[in-house]
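Order of listing sets the numbers, starting from 1, for every ligand and every atom in it. Nothing here was measured: the structure is a model prediction, and the numbers come from that model. Every heavy atom of this structure was used, including side-chain atoms; hydrogens, water molecules and symmetry mates were not.
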Amino acid sequence: MGKRREPDGLEPVAGNGLLNRRLFLERALAAGAGGAALSVSAANAEPLTVPKWTLEPGASFNPYGKPSKFEDKVVRQFAPPANPATQGVGSSRTPHHLLDGMITPNSLHFERSHGGVPDIDPAQHKILIHGLVKRPLTFTIESLMRYPMTSRISFIECGGNSGGLSAAQPAVLNVQGIHGLLSCAEWTGVKLSTLLDEAGIDPAAKWILAEGADSQSVSRSIPLAKALDDVIVCLFQNGERIRPENGYPVRLLVPGYSGNMNIKWLRRIKLVSAPVMTKDETSKYTILLPTGKAWQFVLPLEVKSMITRPSPGINLGGQGYHEISGLAWSGNGKITKVEVSADGGKSWAPAALQEPILSKAVTRFRAPWNWNGGPAVLQSRATDDTGMVQPSRAQIIAERGLRGQYHFNAIQSWAVDEKGVLANVHA
Ligand SMILES: Nc1nc2c(c(=O)[nH]1)N[C@H]1C(S)=C(S)[C@@H](COP(=O)(O)O)O[C@H]1N2
Ligand SMILES: [Mo]
């Protein structure tokens, strides 16, 4: 008698039931006897009844579409400020546990605002480019619309995203609470280089200052080389005009760089010879080290990933087959590898990466898992095309201590208990 052979793709490739990602290619889930063990559908196919919605005519059209009323829990999460004077100051978070794919719908893109959302009339709004230029220029929204446009899918991540993981005790939070200050959209607008070329760059210019029209005048210094490389003056977000909370009528997209630099409600760009040292790059968004010194101008967001499903609130319905899925991203380029562990990092299985895999955009990963009903600790670890590997929490803390919580890109862990309930843990 030969050894019992599992259907292709069903062999475990790492501890605690992680299966080979080839499962997705070879349709092994449905492949006969071995596959039946992993079946997730009802055992007996009962005849379908005819529900009432099939027996009557449906509803009419909508001028602007809305999600199904059954999806009313799929919302951004935020804590309303106690003081009405600071209304709109803070952030709201994307519900990644309830989404899939790589694009964040506009209504669910995270929001981070330091002074509330200004109510800008696009007919009156102007943008100024000045400083070390040959010809200072002013643009209206109407004039910007006449320039050549470009689109790119890019993530924006707040530098403070996941900062709660530096807390000594694991926070009782779900993926939205921990990692919800990250979203990914298709952004369309005019390349900043086009506008700077028209203004004529003085050779003494090495940085730009970008300033917003909100009550906080959030402003950041951006290296000129980056401004000329891939920065976009955006007018559209996922095909429609940018939402007020995301920068209407015009914002900067600074692909892969710290979220704060993606200046919303853009009103001014000044070419300068050195960084301006604004409040937003000195008192905030620097990385405080145990020595009491801080790193300034740490601009790209480094390689990172998160498991969105299963995750707290999206618990495991029963033992057997489950897909572990999540997002990976790097501000330095493309994701080349995501590994998943079900045993707290003792062993790793490569996840399948879903196309398209784009530079400075999120990449959706998926790994097949046969849960045996016992305790497990799920983790994901991403690698990018510069060779950088997502660090462990211990590595980051050894380097920065517990206070430097910006750009916190450590591997994060979900513990699974025997009931299939998930929780954030420090593993
Ligand atoms: N003018 C202005 N730009 C801004 C901000 C702001 O408060 N004012 N917030 C910044 C921060 S901290 C982040 S993380 C991103 C968030 O972009 P979003 O709200 O579209 O997600 O916008 C940045 N641009
Ligand atoms: Mo931010």
Side-chain angles (χ1 to χ4, degrees), residues 76-78 81 86-96 103-120 125 127-128 153-164 176 179-189 208-222 231-238 240-270 276 278-287 298-301 304 329 331 360-362 405-409:
R76 292 187 285 219
Q77 177 193 67
F78 61 97
T86 61
Q87 199 185 328
V89 177
S91 57
S92 75
R93 293 164 177 266
T94 298
H96 286 293
I103 297 291
T104 311
N106 288 342
S107 302
L108 298 172
H109 197 285
F110 85 94
E111 306 165 78
R112 172 74 180 101
S113 294
H114 295 245
V117 178
D119 184 17
I120 298 178
H125 186 69
I127 297 177
L128 172 65
I153 297 175
S154 179
F155 72 82
I156 295 178
E157 182 183 20
C158 179
N161 196 30
S162 324
Q176 181 170 23
H179 300 301
L181 298 178
L182 161 98
S183 299
C184 185
E186 186 203 45
W187 298 97
T188 300
I208 67 166
L209 174 76
E211 179 189 80
D214 51 331
S215 62
Q216 278 288 313
S217 302
V218 168
S219 42
R220 289 293 301 257
S221 308
I222 302 168
V231 173
I232 303 176
V233 176
C234 299
L235 298 156
F236 295 87
Q237 172 182 4
N238 289 329
E240 65 180 356
R241 294 295 296 274
I242 292 176
R243 291 290 174 90
E245 55 270 39
N246 302 113
Y248 184 85
V250 56
R251 84 173 301 164
L252 275 193
L253 176 74
V254 185
Y257 276 27
S258 199
N260 185 256
M261 302 173 77
N262 297 261
I263 297 297
K264 302 194 279 190
W265 316 297
L266 180 69
R267 72 185 289 268
R268 192 164 69 97
I269 287 179
K270 184 175 186 184
V276 175
T278 71
K279 66 181 186 326
D280 302 297
E281 56 206 15
T282 49
S283 74
K284 290 191 278 295
Y285 302 109
T286 63
I287 295 174
V298 177
L299 305 182
L301 290 148
K304 185 164 171 182
W329 63 97
K360 304 168 194 174
V362 298
Q405 45 174 278
Y406 289 118
H407 291 218
F408 203 93
N409 67 326

Exercise for the section: Considering only NZ, NE, NH1 and NH2 on the basic side and carboxylate oxygens on the acidic side, decide whether Arg243 and Glu240 come within less than 4.0 Å. Expected result: yes
Exercise for the section: Sequence neighbours left out, what passes side chain to side chain donor-acceptor pair (under 3.5 Å) with Ser92? Give chain and number order. Expected result: Glu111
Practice task
Below 4.0 Å from any atom of ligand 1, which residues have a heavy atom? Give them in chain and number order, please.
Solution key: His109, Phe110, Glu111, Arg112, Ser113, His114, Cys158, Gly212, Asp214, Val218, Glu245, Asn246, Arg251, Gly259, Asn260, Asn262, Ile263, Lys264, Trp265, Tyr285
Exercise for the section: Would you verify whether the NZ or CZ of Arg93 falls within 45 degrees of the ring axis of Phe78 while also being under 6.0 Å from that six-membered ring's centre? Expected result: no
Exercise for the section: Please find out if less than 6.0 Å separates the ring center of Trp187 from that of His109. Expected result: yes
Problem - Test: Glu157 and Lys304 ion pair at under 4.0 Å - result: yes
Handout entry: Side-chain heavy atoms of Ile120 within contact of Trp265, under 4.5 Å
Key = yes
